[in-house]
Amino acid sequence: MYEILRKEDLTDITKLFEVNAPLVARNAEPGQFVIVRIDEKGERIPLTIADYDKEKGTVTIVVQEVGFTSAMLNSLREGQSIVDFAGPLGRPAPLPKEGSVVLLGGGFGVAPIYPVAKELRNRGVKVTSIIGARRENLVIMEKEMQSVSDKLYVCTDDGSTGFKGFVTQKLEELVAGGEKFDEAIAIGPMPMMRATAKTTKPMELKTWVSVDPIMVDGTGMCGACRVTVAGEVKFGCVDGPFFDAHDVDFEEAHRRNLMYRREEEHIMTVCRRGGDSA
Amino acid sequence: MSDKINPTRVPMSEQDAKERISDFREVALGYTVEEVRREAERCIQCKKPKCEDGCPVKVPIRDFVMAVAEGDDEKALELVKSTNSLPAVCGRVCPQEEQCEAKCVISKKGDGISIGRLERFVADWEMQRGPAKPNVVEKKNQKVAIVGSGPAGLTCAGDLARLGYDVTVFEALHAPGGVLIYGIPEFRLPNRVVHYEVENLRRNGVRIETNAVIGKSLTVDDLFEDGFDAIFVGTGAGLPRFMGIPGENLNGVYSANEFLTRVNLMRADCFPENHTPVNVGKRVAVVGAGNTAMDSARTALRAGAEEAHIIYRRSETEMTARVEEYHHAIEEGVIFNWLTNPVRLFGNDDGWLTAMECIRMELGEPDDSGRRRPVPIEGSEFKIDVENMILALGTSPNPLVPQTATDIDTRSWGGIVVDEETGATSREGVFAGGDIVTGAATVILAMGAGKTAASGIDEYLKSKRG
Ligand SMILES: Cc1cc2nc3c(=O)[nH]c(=O)nc-3n(C[C@H](O)[C@H](O)[C@H](O)COP(=O)(O)OP(=O)(O)OC[C@H]3O[C@@H](n4cnc5c(N)ncnc54)[C@H](O)[C@@H]3O)c2cc1C
Ligand code: FES
């Protein structure tokens with residue numbers, strides 16, 4: 001059992017959990033993920049590690065409510081436990097040792113960008129971060145990102161705070177203004193990563209994305225996490241999660257992620273019905 | 001024992017095929033006390049029992065069968081367990097018809113003795129009675145880490161615990177058992193059998209750490225640093241192969257590992273009560289004809305498919321599944337398409353599999369495996385409508401441990417190189433066995449390798465004690 005030591009509400013639908021998991025914290029590196037199973041009936045889902053403390057033996061995850069399991073997870077309280085928490089899985093983010101990197105975090109994708117920014121900062125790499133959300137009250141971890149970025153830009157779709165527009169538009173603006181970056185790393189919802197790939201391709205800017213396919217074991221045993229990269233089939237859990245954004249078949253990845261949409265809707269209605277009658 | 005040879009086996013009761021495909025209860029019901037005695041009495045007690053040559057772990061078959069015939073189940077159990085630590089598992093899943101039973105002299109004139117069923121009876125008898133008290137052994141002050149909790153790891157752990165070592169098993173998944181728990185379905189090997197064996201280990205002092213992915217959570221170096229004196233790697237051959245044909249990433253296409261894991265380990269057949277979904281359409285095609293393929297097809301029927309097809313590029317003769325499972329699959333209505341190979345897959349606009357194009361094959365000259373090579377017949381392509389395809393094409397060794405401990409030598413195809421007598425790898429203190437060494441093989445071979453390595457580790461640790 002893995003106890004939730006701290007829970008924080010980042011937004012109405014985004015919660016942060018600091019979990020006691022010494023075996024994960026011990027070798028964790030930025031960009032890796034954990035496989036979580038909430039209880040005995042639960043499914044195994046991947047969640048990117050948002051922070052870790054090797055001394056305390058804790059790992060932080062940030063969960064945005066997108067479906068049944070994430071909603072269940074977000075309803076857990078401090079002091080409660082998660083039955084399974086395995087990791088760190090996947091390859092660490094491929095980070096440069098020097099130069100200038102632009103980080104793009106969309107929505108809850110800001111959480112996993114944070115340890116990447118922190119590590120780059122430690123290495124002396126210049127970090128420009130562009131984080132975005134639909135509106136002001138969905139922007140997360142702004143203060144934390146500020147502390148590990150040389151420059152931070154906040155974007156909202158509706159302009160309720162910061163730049164009005166998408167993170168990719170801000171990036172275009174910066175590049176048009178003469179900013180030079182050696183690499184970009186984008187983490188967020190699939191459409192946002194796809195848009196980033198489209199934006200940076202003509203700039204000839206090397207770009208990494210962290211894909212989030214459906215997973216079961218997370219150790220290379222099942223192939224649920226297949227993604228096509230440069231025409232080759234890769235396993236997201238062991239070959240990834242970071243791939244060259246310009247090589248990823250986003251359309252396929254997006255479609256594969258919808259494989260259980262019907263079941264997801266079904267389980268949500270069953271539970272809502274269950275909740276009404278209770 | 002009778003002097004006259006009785007050439008006919010006592011049949012074992014089975015659940016009716018029509019009924020059983022609606023649930024996951026065990027198909028083969030096992031012998032009753034009366035049946036088991038009758039079957040054991042058929043044994044003619046050969047002076048030189050050939051059956052024992054056919055057993056990879058050399059169970060004293062003749063003597064245990066004699067004990068069963070005499071009604072001394074306690075003694076039978078002791079004899080079986082002297083070399084086989086997982087008899088309830090082996091009695092159910094070993095390919096006896098190629099091993100012990102193939103060598104039985106009676107099989108020349110009729111049916112060989114049903115050694116597997118007798119073994120299962122003896123093991124189930126133990127489960128009913130409850131486990132024997134753990135032997136009190138003098139603790140040795142040395143720690144062994146077992147990586148992977150399949151039959152190889154469990155056997156190695158059990159043997160070392162009995163010798164008094166301090167043993168910890170590290171398992172990547174949330175449940176111990178390896179293929180026995182995530183792969184082989186409930187209707188062939190109930191999970192309670194595996195749980196029982198795992199509980200037995202715990203009772204003997206073995207610690208089991210689940211959610212511990214060695215190579216990721218901890219490396220081999222970390223384990224040594226944490227004070228383990230020896231390590232056994234039994235991480236299996238979990239890596240699924242795909243065909244590399246167009247359309248393989250369409251929704252509805254599964255590896256057998258994924259499909260079976262969703263159902264057996266995550267119990268997706270009880271969705272939404274259990275929260276893991278699985279997608280099973282009306283018509284399911286399974287590619288391959290080994291045990292994994294049979295398990296997938298039969299599982300698909302139980303999970304709601306109306307039709308399950310086996311698609312195999314060779315013929316019935318080359319099929320590698322256990323004969324009993326093949327028969328069960330036929331009884332349950334699985335449709336066999338021999339000498340057929342998929343060439344590409346078609347999907348609808350939403351990316352869901354709708355059909356597969358196959359080509360007919362014929363058998364040519366023998367290939368490296370000694371089996372006749374299947375060759376496509378040009379122009380024989382045809383299309384079948386299917387909603388799922390499950391690939392059961394075999395698996396390769398799991399690379400996580402060797403990748404992160406480069407001083408462990410591997411073969412070009414990924415198997416770990418070991419000394420056959422001891423299970424020792426190229427790295428001092430690290431031993432290996434099971435599918436990670438041989439590539440996908442059998443439960444009994446994995447168990448045998450776990451045993452060999454346990455004595456190899458014992459020798460090694462003795463020498464370190466001086
Ligand atoms: C569907 C199916 C049906 C089969 N049917 C039969 C049958 O009827 N008869 C028969 O004899 N054989 C059968 N087999 C083959 C048999 O199951 C295997 O040969 C046997 O289980 C191999 O045992 P093992 O201990 O080497 O590995 P496995 O059983 O594969 O166990 C390996 C374990 O190691 C764990 N692991 C992997 N990597 C790591 C890591 N890095 N850190 C920690 N843990 C790790 C895995 O999660 C797994 O639990 C079948 C196989 C399958 C897939
Ligand atoms: S999640 Fe199973 S192989 Fe990647």
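Please read all numbers here as calculations on a predicted model, not as lab measurements. Only this structure's heavy atoms are used, side chains among them; waters, hydrogens and symmetry mates stay out.
Only the side chain of A:Arg262 comes within less than 4.5 Å of a heavy atom of chain B; its backbone N, CA, C and O stay farther away. Residue A:Glu263 touches chain B through both its backbone and its side chain, counting heavy-atom pairs closer than 4.5 Å. Looking at B:Arg262, only its side chain comes within 4.5 Å of chain A, counting heavy atoms on both sides. Heavy atoms of B:Asp222 lying under 4.5 Å from chain A belong to its backbone as well as its side chain.
Options B:Ala268, B:Pro277, B:Ser255, B:Gly238 differ in how many heavy-atom pairs under 4.5 Å they form with chain A, and the most are formed by B:Pro277.
Annotation: side chain of B:Asn251 is in contact with side chain of A:Arg256 (closest heavy-atom distance under 4.5 Å). Looking only at side-chain heavy atoms (C-beta outward), B:Glu248 and A:Val233 stay at 4.5 Å or farther from each other.
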Check residues 83-96 of chain A and write down every donor-acceptor pair under 3.5 Å in which the side-chain atom is one partner and the other belongs to a residue at least two apart or another chain.
residue, atom, partner, partner atom, Å
A:Asp84, OD1, B:Asn211, ND2, 2.8
A:Asp84, OD2, A:Arg37, NE, 2.6
A:Asp84, OD2, A:Arg37, NH2, 2.8
A:Arg91, NE, A:Val238, O, 3.0

Pair B:Asp350-A:Arg261, salt bridge (charged side-chain N to carboxylate O under 4.0 Å, His left out): steps then yes or no | CA-CA 12 Å; B:Asp350 295 332; A:Arg261 192 167 49 175; over 6 Å; no

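Taking the six-membered ring for Trp and thresholds of 30 and 60 degrees, B:His275 and A:Phe68 have ring planes more than 60 degrees apart, a perpendicular arrangement.
Not one N or O on the side chain of B:Asn249 forms a donor-acceptor pair closer than 3.5 Å with the backbone of A:Arg226. A donor-acceptor contact shorter than 3.5 Å is absent between the side chain of B:Ser217 and the backbone of A:Val24.
By the side-chain hydrogen bond (donor to acceptor under 3.5 Å, both in side chains) test, B:Glu199 is found to be paired with B:Arg202, residues two or more places apart in sequence or in another chain being considered.
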